[in-house]
Number of protein chains: 2
Amino acid sequence: MRLTDRQKLILTLVIHEHIQTAQPVGSNTLVLKYNLAMSSATVRNEMSVLTEVNLLRQPHTSAGRVPTEEGYRFFVGNLIQKSTLPTTTRRTITHQFYQSRQDVEQWLRLAVSVLASQAQAASLVTAPHAEKAIFKHLELVATRGRQVLMVLVLMDGDIRQQFITLAEAISQERLSEIAGRISTLCIRCDSADIARLRSQFDALGQDIIDILLAEMALTEEAATGEIYLDGMTNVLSEPEFAESDEARQALYILQERSLLENLIASTMTNTDVGGIQVLIGGEGTWEELRQCSVILARYGDPESLTGSIGVLGPIRMPYDRAISTVQFVANVLSDLVSEMLAV
Amino acid sequence: MRLTDRQKLILTLVIHEHIQTAQPVGSNTLVLKYNLAMSSATVRNEMSVLTEVNLLRQPHTSAGRVPTEEGYRFFVGNLIQKSTLPTTTRRTITHQFYQSRQDVEQWLRLAVSVLASQAQAASLVTAPHAEKAIFKHLELVATRGRQVLMVLVLMDGDIRQQFITLAEAISQERLSEIAGRISTLCIRCDSADIARLRSQFDALGQDIIDILLAEMALTEEAATGEIYLDGMTNVLSEPEFAESDEARQALYILQERSLLENLIASTMTNTDVGGIQVLIGGEGTWEELRQCSVILARYGDPESLTGSIGVLGPIRMPYDRAISTVQFVANVLSDLVSEMLAV
DNA sequence: TTTTAGCACTCTCCCTATGAGAGTGCTAAA
DNA sequence: TTTAGCACTCTCATAGGGAGAGTGCTAAAA
């Protein structure tokens, strides 16, 4: 779509103004508020053009203009000026992350809370997750009788714990010995490798390996790691969700884990780490998100460990700020992941 | 407060009807809908009395009656008939829990989802949590260089993981040996015991014990275990929350972990396992919950491991069903906890 | 003494009408 | 190509006027 500079300016201003006021924007308002060096009639003519090419829309004949979804998309794709968060903000955030560097769970909680408060929207962060589960360490703890606690540590930092019941009671020494052997032999192995090693163990060891493999398979099935959410009440305060039903649908997607995983999976398939996806108004696919926009990014190490982060807000979202926040947090998380992998 | 049987009946019916319709209830409606053997005038007189003692309220002079908070409290305290969930429902739920018995996290997810769907409200479940952290097992996994993953298993099933950086690189064998010694010596010890044992270890062991103690202290500080939430969108669909701001405040309490912990802590202090607390309209203390009611119960083994569960909905909540659901789920969880402790 | 029929009265809710205000599109002049 | 001027359109806020639901009171009935 070819637009003159003036048309681009007006589109930008309409979007900017509408994001602030949530109201249709009139030609007069625009001229006065932004001291434009042209008359309202000129603005009206340009608006007419923009309406014809479906970037703007009139709620009714004699109202101001409102950006269409296509308008927002054009804006995000062509006009948005990459803003960056203020240095002080960035420093504060980085500092917070630095303080909680030992604990992955804390990063993620912090990330999701920073996103929510900076973008004033609902936010989500998925724990970093490897496509292939790689064994790192196994621990068996005798509980009582035949009940044993199995703790499985994977290379991506994921820890799976499970109670298992063995055929007979086994002493802690024996359990530790087996766990030690499995840990030493299988380190850095994937499921297939471990299956091949299975025959080297005695009956008990093979039983345990079977459970272990089942658990690893389960981890691999999960499309994403654990999902952290925050800021959902931010969305509720937006005026377009006063008729609460729309908001409910949007929040429902966030709550319903399977839907959310779908959304992330289908949006992120072709997204590189560092790349950003902006989903405006559900893009025809996500009925529940018709009133919402979602900004998603991938973080981590593309070779091994990746996760997704994003924010969800009304279509009328401050895209520049939201995008730069998402980008910034994604970068911070990527750094933390590679630091974790490298040390 | 002394009421005649007829007054109790009418109060009950008004509450019942109002819960269904969310509208003020008129004398005529009541007589017709419930085939009362009296005239609407009689009902009106009784309603007048109930209004005088502040159990009912008129939104405006010529409207029907609405229960006051006090009315609901009287109802819950004196009139409610303990209903139980249908046997088939109970069986289905029990069966689901039975299937996920190995995995504590799965119980809790299931519990919170059952509560939400059965009570059609927002629901919460906290992980079982011991007042005193008791050591069970320690594991140290060499990562790379001086970076070590510490996995700490406590008796209540809580697992804490953390990356720690040692003064120098240590081999996995050495780490396993130390972890093994600490595990053997400290099993079933609390922080004080472990602090006493500290001198029996070499410098490295003491360093690790210090970190371990810090971690245990952290666990003890936390008033509750992890909190699981579900069904928040259920609350949004209630008509009294159409003016979305009220709903926002209520959901905010659920989202804001510290507030929620406060709420649980202050409500649960005097509640035994098996007991149920019903908080109607914030009870003057919780400003954000003025439009809501919360039903909370404690589950687990009072001697060692307890957690809280509850539902949050509009004041106009189907108390009988909600209470029996909470009670039932609390019982199921208590059974699972004692099974876990006993096996 | 208690219950009930009858009735006037009150208040909300919904519908309609009306006018102000904001904003548009078009035309003709600059 | 831009702009001033103007008629026109549509929303929104406000007010008025039933209809309907429900009450409280009074007096009669049980």
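In what follows, chains are A, B, ... by sequence order, proteins preceding strands, each numbered from 1.
When rounded to the nearest whole Å, the span between CD of Q23(A) and P of dC10(D) equals 19 Å. Summarising the geometry, the separation between CE on M38(B) and P on dA5(C) is reported as 13 Å, rounded to the nearest angstrom.
Residues forming a ring-ring contact (aromatic ring centres under 6.0 Å, His included) with Y72(A) (at least two apart in sequence, or on another chain): Y319(A). Remark: A265(B) engages no residue in a side-chain contact (heavy atoms from CB on, under 4.5 Å) (not counting sequence neighbours).
Look at T42(B) and you'll find a side-chain N or O under 4.0 angstrom from OP1 or OP2 of dT4(C).
Heavy-atom neighbours of R90(B) CZ from other residues, nucleotides or ligands within 6.0 Å: above the threshold of 12. Counting heavy atoms of neighbouring residues, nucleotides and ligands inside a 6.0 Å radius, atom CZ of R73(A) exceeds 12 of them.
For the helix from dT1(C)-dA30(D) to dA30(C)-dT1(D), the axis fitted to the five pairs at one end and the axis fitted to the five pairs at the other end meet at an angle of 30° (nearest 10 degrees).
Side-chain atoms of Q255(A) and T233(B) form no donor-acceptor pair, as typed in the model, at a separation below 3.5 Å. Looking only at atom types and distance, the side chain of Q277(A) has no donor-acceptor partner in the side chain of T267(A) under 3.5 Å away.
Remark on DNA chain C: of its neighbouring residues H60(B) and N45(B), the 5'-side contact belongs to N45(B), judged by nearest-heavy-atom nucleotide.
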Sequence neighbours left out, cut at 3.5 Å: what donor-acceptor pairs do the side chains of residues 117-125 of chain A make with other protein atoms?
{"from": "S117(A)", "atom 1": "OG", "to": "S113(A)", "atom 2": "O", "distance (Å)": "3.3"}
{"from": "S117(A)", "atom 1": "OG", "to": "V114(A)", "atom 2": "O", "distance (Å)": "3.3"}
{"from": "Q118(A)", "atom 1": "OE1", "to": "R321(A)", "atom 2": "NH2", "distance (Å)": "2.7"}
{"from": "Q120(A)", "atom 1": "NE2", "to": "S117(A)", "atom 2": "O", "distance (Å)": "3.4"}
{"from": "S123(A)", "atom 1": "OG", "to": "V112(A)", "atom 2": "O", "distance (Å)": "2.7"}

Side-chain donor-acceptor pairs under 3.5 Å in residues 48-61 of chain B, sequence neighbours left out?
{"from": "T51(B)", "atom 1": "OG1", "to": "M47(B)", "atom 2": "O", "distance (Å)": "2.7"}
{"from": "T51(B)", "atom 1": "OG1", "to": "R65(B)", "atom 2": "NE", "distance (Å)": "2.8"}
{"from": "T51(B)", "atom 1": "OG1", "to": "R65(B)", "atom 2": "NH2", "distance (Å)": "3.3"}
{"from": "N54(B)", "atom 1": "ND2", "to": "E70(B)", "atom 2": "OE1", "distance (Å)": "3.1"}
{"from": "Q58(B)", "atom 1": "NE2", "to": "T61(B)", "atom 2": "O", "distance (Å)": "2.8"}
{"from": "Q58(B)", "atom 1": "NE2", "to": "A63(B)", "atom 2": "O", "distance (Å)": "3.3"}

Heteroatom pairs (N/O) under 3.5 angstrom, protein to nucleotides 21-24 of chain C:
{"from": "dG23(C)", "atom 1": "OP1", "to": "T29(A)", "atom 2": "OG1", "distance (Å)": "3.4"}
{"from": "dT24(C)", "atom 1": "OP1", "to": "S27(A)", "atom 2": "N", "distance (Å)": "3.4"}
{"from": "dT24(C)", "atom 1": "OP2", "to": "S27(A)", "atom 2": "N", "distance (Å)": "3.3"}
{"from": "dT24(C)", "atom 1": "OP2", "to": "S27(A)", "atom 2": "OG", "distance (Å)": "2.5"}

